[in-house]
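To start, the structure under review is shown below, and the notes come after it.
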2 protein chains.
Amino acid sequence: MATRGRPRTFDPDTALRQALDLFWERGYEGTSLSDLAQALGIASASIYACFGSKEDLFRKVMALYGTTSGEPPRRALREQPTARAAIHAMLRATADEITRPDAPHYCMLVLAAPTGAVENHAVREFLAGLRHDQLTAIGDRLARGLADGDLTAPPAGLDAVARYYTTVVQGLSVQARDGATRAELEEVITCAMAAWDTLTCAPARPVFMEDSAESPR
Amino acid sequence: MATRGRPRTFDPDTALRQALDLFWERGYEGTSLSDLAQALGIASASIYACFGSKEDLFRKVMALYGTTSGEPPRRALREQPTARAAIHAMLRATADEITRPDAPHYCMLVLAAPTGAVENHAVREFLAGLRHDQLTAIGDRLARGLADGDLTAPPAGLDAVARYYTTVVQGLSVQARDGATRAELEEVITCAMAAWDTLTCAPARPVFMEDSAESPR
DNA sequence: TCCTTTGTTTATCGAACGACAAACAAACCG
DNA sequence: CGGTTTGTTTGTCGTTCGATAAACAAAGGA
């Protein structure tokens with residue numbers, strides 16, 4: 001199909017990336033269309049023409065966020081050989097992502113729109129759905145460990161353990177937001193992994209014997 | 001001193017409580033002065049006369065929040081005999097507070113204003129300060145356990161353990177916000193406490209032997 | 001070349017924002 | 001009772017919100 005009409009003067013991918021940066025810095029409601037227009041270097045009408053509404057833009061932004069910042073933790077879950085290594089590496093990859101010096105120190109999934117005006121209810125539930133996917137992904141990885149034989153059924157329940165590590169991930173975001181360093185997050189992760197052996201009836205290992213050689217991503 | 005001039009037609013304490021309910025439901029930026037005026041049944045000018053600015057009102061609201069919803073977890077830390085029981089009871093009291101049927105399911109400290117517009121930076125840092133007090137309170141309680149002799153110095157570091165349980169508390173808020181039930185939070189707390197014995201070099205106890213008779217508040 | 005198609009700019013919409021000044025209402029003091 | 005003090009209401013300030021219509025600009029097709 002031929003390209004008709006006047007071509008765009010801006011690159012939608014670049015613009016989406018710039019929109020991501022702004023939404024990341026200020027959250028959904030904290031970012032206005034004026035802010036976006038200024039940051040993207042185009043008029044707000046062009047944003048509407050290219051991306052639809054503010055909410056549509058935000059959803060596209062979150063999709064990009066998922067394939068960039070969200071990928072390392074997801075890959076950790078996918079590629080590590082055991083459930084234990086996968087959870088540990090996932091936590092570390094998360095800590096890496098939320099303490100990058102060139103980006104805001106928190107996960108957008110968790111803090112971009114937890115509360116807000118009534119009219120933005122749909123956006124909040126959209127993010128809540130993505131967070132639920134997180135929980136599911138962790139639960140699925142534990143189930144795979146069960147199938148692979150590297151994990152015995154935890155007495156507390158597999159869902160409970162999955163929700164527990166999801167809770168830790170989400171708590172890490174608040175910690176990073178409040179200025180915790182990468183090293184401090186690593187300590188928290190060490191503590192969180194200390195629960196693993198008790199939860200999974202594995203032989204306990206003292207914290208100073210933690211497998212720190214595991215790849216963080 | 002005599003009461004001069006026209007007396008108030010509304011009760012400031014009642015109004016503050018109503019403002020708390022509204023800020024709790026929608027967060028700081030999500031609540032407008034029009035919303036507040038309507039909920040309190042008075043004009044916005046009366047709010048300014050009585051409470052100052054929106055930010056002043058929010059700070060007073062958070063003080064009330066601290067003495068009401070914040071008290072049970074704080075009391076748990078204070079009154080439980082051992083560090084372990086204190087942390088466990090504090091987590092349970094938190095779970096109780098953030099799943100009450102008559103209030104929003106999350107902690108205002110954590111989710112009322114984690115991100116937002118640049119002009120509300122002061123409010124966010126105010127809340128961050130209160131969250132840091134949380135961390136300090138938990139750290140102090142662990143130190144007391146050390147002094148009382150019911151806790152041996154954790155290899156991971158006392159600060160690390162304090163930050164870990166702070167992270168769990170904050171993660172619980174996100175879980176509750178996303179619809180987790182009180183029972184599900186209890187499971188998460190059980191998992192979080194499973195780390196305790198490993199962290200503190202105490203003899204490990206299986207999760208199914210958890211001291212469920214500890215007072216939740 | 002001229003028309004169609006598409007993108008961008010400009011201007012603006014109505015509504016809501018936080019905040020306040022002035023006018024009005026109700027209490028106490030003498 | 002009049003005068004003072006204080007609280008509340010009314011109206012509105014200038015700004016910003018998300019969103020859009022109309023005018024203008026630049027490309028391809030015939």
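These numbers come from a predicted model, not from an experiment. Throughout, protein chains are lettered first and strands after them, A, B, ... in sequence-line order, and every chain is numbered starting at 1.
Contact check, A:T9 against C:dG7: no side-chain N or O comes under 4.0 Å of OP1 or OP2. Contact check, A:S46 against C:dT9: a side-chain N or O comes under 4.0 Å of OP1 or OP2. OP1 or OP2 of C:dC17 has at least one side-chain nitrogen or oxygen of B:S34 nearer than 4.0 Å. Checking the phosphate oxygens (OP1, OP2) of D:dT20, no side-chain nitrogen or oxygen of A:Y48 falls inside 4.0 Å.
Between A:Y164 and B:Y164, the ring planes lie perpendicular to each other; the angle is over 60°, past the 30° to 60° tilted range. Using a 30° and 60° split on the angle between ring planes, A:F23 and A:F58 fall in the perpendicular class, above 60°.
A cation-pi contact, defined as under 6.0 Å to the ring centre and within 45° of the axis, links B:K54 to B:Y28.
Here the P atom of nucleotide D:dG18 and the CG atom of A:D35 are 8 Å apart, to the nearest Å. Between the P atom of C:dG18 and the CD atom of B:E29 lies a distance of 10 Å, rounded to the nearest Å. Atom CZ in A:F51 sits roughly 10 Å away from atom P in C:dT8 (whole-Å rounding).
Taking the side chain of A:K54 as heavy atoms from C-beta on, and the options C:dG18, D:dA19, C:dC17, the nearest nucleotide is D:dA19. For B:A45, whose side chain is taken as the heavy atoms from C-beta onward, the closest listed nucleotide among D:dA19, C:dT8, C:dA21 is C:dA21. When distances run from any side-chain atom of B:A43 to the nucleotides C:dC17, D:dA27, D:dT10, the shortest one goes to D:dT10. Closest to the side chain of A:I42, out of D:dT9, C:dC17, C:dT9, is C:dT9. Distances from the side chain of A:S44 to the nucleotides C:dC17, D:dA19, D:dG18 place D:dA19 closest.
Comparing A:C50 and B:E55 along DNA chain C, the residue whose closest nucleotide (by nearest heavy atom) sits nearer the 5' end is A:C50.
In this structure, A:R144 and A:L151 have side chains that are not in contact, with every pair of non-hydrogen atoms separated by 4.5 Å or more.
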